[in-house]
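First up is the structure itself, then whatever we jot down about it.
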2 protein chains.
Amino acid sequence: MSLRHALLGLLVDRSASGYDLLKLFNTSLANVWPATQSQLYTELNKLAEAGLIAVAAEGPRGRKQYALTDEGLAELRHWLTETEPQHQGRSEVLLRVFFLGVVSHERAREYLADLSTLFAEESADLRELERSIDWEDGDLAVYGRIALEYGLRFNAMRQEWADWAIQQIK
Amino acid sequence: MSLRHALLGLLVDRSASGYDLLKLFNTSLANVWPATQSQLYTELNKLAEAGLIAVAAEGPRGRKQYALTDEGLAELRHWLTETEPQHQGRSEVLLRVFFLGVVSHERAREYLADLSTLFAEESADLRELERSIDWEDGDLAVYGRIALEYGLRFNAMRQEWADWAIQQIK
DNA sequence: CTCCTCATGTAATCCGTTACATGATTCC
DNA sequence: GGAATCATGTAACGGATTACATGAGGAG
C-alpha cells in the first residue's frame with residue numbers, strides 16, 4: 001500500500017496531473033518505488049474517491065490536476081510517524097547466489113564479475129543523476145540527497161562485496 | 001517467477017516435503033525471498049504438474065516427498081545462466097526518507113535513529129544466525145556464507161548511512 | 001485421551017505487470 | 001494534414017498475503 005503514500009508525498013509540494021506524476025515518478029522515485037502508468041491512474045482514482053486528493057482544476061484533453069486534501073496530508077503524516085515500515089527485502093540477485101553451486105566455479109565467478117560491472121554502472125548512473133538534478137534549497141533537496149547518498153553507498157558496497165566473493169570461490 | 005526456482009534450488013541437495021521446504025525457507029531464504037505456506041504448496045503442485053519435480057515417496061499424514069527431476073535441474077541451470085536477474089529494488093524505508101520533509105526535523109532525526117538501531121539489531125541477528133548454522137563443507141557452505149556476508153555488509157552500510165544522514169539534517 | 005506437531009490444501013483479495021484502447025491538442 | 005506529445009483509462013493475468021479449513025499421527 002505504498003504507492004498510495006508515494007503519490008500523496010509527491011503532491012505535497014505541488015499539485016499535478018496523473019501524467020505529470022508519472023514523469024515525476026520516473027525521474028525521482030523510480031529507483032525506490034517503481035510504478036507503471038496503469039497502476040498510477042488506478043490509484044489516483046482510488047485516492048480521489050477516498051477524499052485524500054481532489055481535482056483542483058481541469059485542463060485540455062481531459063487533464064485533471066490533483067491537489068492534496070487536508071485528509072491526504074494527515075494520512076501521509078500518519079503513515080510516516082505511526083506505522084512501521086515493512087522491510088522484507090526480495091533480491092533475485094542474492095537468491096541466485098545461493099544456488100551458484102549447480103554451475104561450475106568458473107561460471108559462478110563470471111556471474112559475480114558481471115554483477116560487479118553492473119553495480120559500477122549503476123553508481124555511474126547515480127552520479128550522473130546527481131549532476132543533472134537542479135538541487136534547489138528546501139526539504140526535498142536535503143532528503144533527496146540523503147536518498148541518493150544511500151544509492152551511492154549501496155552500490156559501492158555491493159561492488160566490493162561481489163569482488164570479494166569472487167576471491168572466495170575455490 | 002522466482003519462488004519456482006528457489007524451490008528447485010532447495011531440492012538439488014536433498015528431496016523434501018512441502019513442510020520441510022517451508023522450514024528450510026524460513027531458516028535460510030527468508031531474508032532473500034520470503035514465501036508463505038500457502039504460496040509454497042500451490043507452487044509445488046504447479047511444479048509437479050510441469051514435471052520439474054516428482055513425488056519420490058509418500059509418508060504418513062499425506063506427506064509427499066518431492067525430488068528434483070532432470071527437467072527440473074535443467075530449468076534451474078537455464079534460469080541461472082541464461083536469464084537476466086530482475087533487480088528493481090523496492091524500499092519502503094527509502095520511500096519514507098523522501099517525504100521526511102512533512103514532519104519536523106526532530107521527528108525526522110528520530111526516524112533515522114530508529115533505523116540505525118534496527119540495522120544494528122539485524123546485524124546482530126545475522127551474526128547469531130552465522131554461529132547457529134552447521135557449516136558443512138560443500139557448495140552450499142561457500143555460497144551461503146557469501147550471501148550472509150552480503151547481509152552483514154548491507155546492514156553495516158545502512159547503519160553508517162543512517163548515522164551520517166542524521167548529521168545532514170539542520 | 002488429549003495436546004502438539006506434522007501436513008496439506010482452498011478462497012478472497014490486493015498489488016503489480018503487460019497489453020490494449022482511445023482520443024485531444026499542439027507543432028510543423 | 002500528419003506526427004509527436006499529452007492525457008486517461010480498462011482488461012487479463014500472475015504473484016503475494018491473509019485467513020480459513022481440515023485432519024492424521026506421535027508423545028505423554
Side-chain angles (χ1 to χ4, degrees), chain A residues 1-8 10 15-27 29-50 53-66 79 83-92 95, chain B residues 1-8 10 15-27 29-50 53-66 79 83-92 95:
Chain A
M1 269 262 268
S2 286
L3 173 58
R4 189 176 198 93
H5 301 105
L7 289 172
L8 294 175
L10 288 178
S15 66
S17 69
Y19 192 82
D20 297 335
L21 289 167
L22 184 60
K23 281 193 296 180
L24 260 174
F25 240 90
N26 294 335
T27 56
L29 300 183
N31 294 308
V32 153
W33 203 271
T36 60
Q37 175 258 21
S38 160
Q39 214 185 335
L40 199 144
Y41 280 108
T42 308
E43 192 62 42
L44 283 172
N45 282 321
K46 283 190 209 162
L47 281 166
E49 204 174 340
I53 62 177
V55 177
E58 301 201 21
R61 279 161 296 199
R63 175 186 170 92
K64 291 187 258 180
Q65 185 104 4
Y66 289 105
W79 172 69
T83 66
E84 285 292 305
Q86 301 296 100
H87 57 98
Q88 17 66 294
R90 255 193 186 84
S91 166
E92 193 182 320
L95 182 61
Chain B
M1 269 260 270
S2 287
L3 174 59
R4 191 178 197 90
H5 301 104
L7 289 171
L8 294 175
L10 288 178
S15 66
S17 68
Y19 192 82
D20 296 337
L21 289 166
L22 184 61
K23 282 193 296 180
L24 259 174
F25 241 89
N26 293 335
T27 56
L29 300 183
N31 295 308
V32 153
W33 202 272
T36 60
Q37 176 257 22
S38 160
Q39 213 184 336
L40 199 144
Y41 280 107
T42 308
E43 192 61 42
L44 282 172
N45 282 322
K46 284 190 209 162
L47 282 165
E49 204 174 342
I53 62 176
V55 177
E58 302 201 22
R61 277 162 296 198
R63 176 187 171 92
K64 291 187 259 179
Q65 185 105 3
Y66 289 105
W79 172 70
T83 66
E84 284 293 305
Q86 300 297 99
H87 58 98
Q88 17 66 297
R90 258 195 183 83
S91 165
E92 192 182 320
L95 181 61

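Keep in mind the model is a prediction, meaning the values are calculated, not measured. Letters A, B, ... are given to chains in the order of the sequence lines, protein chains preceding strands, and every chain is numbered from 1.
Trp33(A) is linked by a ring pair (Phe, Tyr, Trp, His ring centres under 6.0 Å) to nothing, counting only residues two or more places apart in sequence or in another chain. Remark: Arg90(A) pairs with no residue by the salt bridge (charged side-chain N to carboxylate O under 4.0 Å, His left out) rule, at least two apart or across chains. Annotation: side-chain contact (heavy atoms from CB on, under 4.5 Å) contacts of Asn45(B) (sequence neighbours excluded): Lys64(B), Tyr66(B). Shown here are the side-chain contact (heavy atoms from CB on, under 4.5 Å) partners of Ser15(B), two or more places apart in sequence or in another chain: Gln65(B), Ala67(B).
Atom CG of Leu21(A) and atom C1' of dC6(D) are 14 Å apart (whole Å). When rounded to the nearest whole Å, the span between CH2 of Trp33(B) and C1' of dT17(D) equals 15 Å. Distance Met1(A) CE to dA16(D) C1': 15 Å, rounded to the nearest Å. Distance Glu92(A) CD to dA16(D) P: 11 Å, rounded to the nearest Å. Here the C1' atom of nucleotide dG14(D) and the CD atom of Glu43(B) are 11 Å apart, to the nearest Å. Summarising the geometry, the separation between CG on Leu44(A) and P on dT10(D) is reported as 12 Å, rounded to the nearest angstrom. One atom, CD of Gln39(A), and another, P of dA19(C), lie 16 Å apart when rounded to the nearest Å. The interatomic distance linking Gln86(B) (CD) with dT17(C) (C1') rounds to 11 Å, in whole Å.
Close to dG15(D), at under 4.0 Å from its OP1 or OP2, lies a side-chain N or O of Lys46(B).
Distance check: Glu84(A) CD to Glu92(B) CD gives 10.0 Å after rounding to the nearest 0.5 Å.
Legend: salt bridge (charged side-chain N to carboxylate O under 4.0 Å, His left out) pairs involving residues 35-45 of chain B, not counting sequence neighbours, sorted by first then second residue: Arg4(B)-Glu43(B).
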Short heteroatom pairs, N/O only, protein and nucleotides 2-9 of chain C, under 3.5 Å:
unit_1	atom_1	unit_2	atom_2	d
dC6(C)	OP2	Tyr19(B)	OH	2.5
dC6(C)	O5'	Tyr19(B)	OH	3.2
dC6(C)	O4'	Arg61(B)	NH1	3.3
dA7(C)	OP1	Arg63(B)	NH1	3.1
dA7(C)	OP2	Arg63(B)	NH1	2.9
dT8(C)	OP1	Lys64(B)	N	3.0
dT8(C)	OP2	Gly18(B)	N	3.4
dT8(C)	OP2	Tyr19(B)	N	2.7
dT8(C)	OP2	Tyr41(B)	OH	2.8
dT8(C)	O4	Gln37(B)	NE2	2.7
dG9(C)	OP1	Lys64(B)	NZ	2.7
dG9(C)	N7	Gln37(B)	NE2	3.4
dG9(C)	O6	Gln37(B)	OE1	3.2
dG9(C)	O6	Gln37(B)	NE2	3.4

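No contact: Arg4(A) has no heavy atom under 4.0 Å from any strand.
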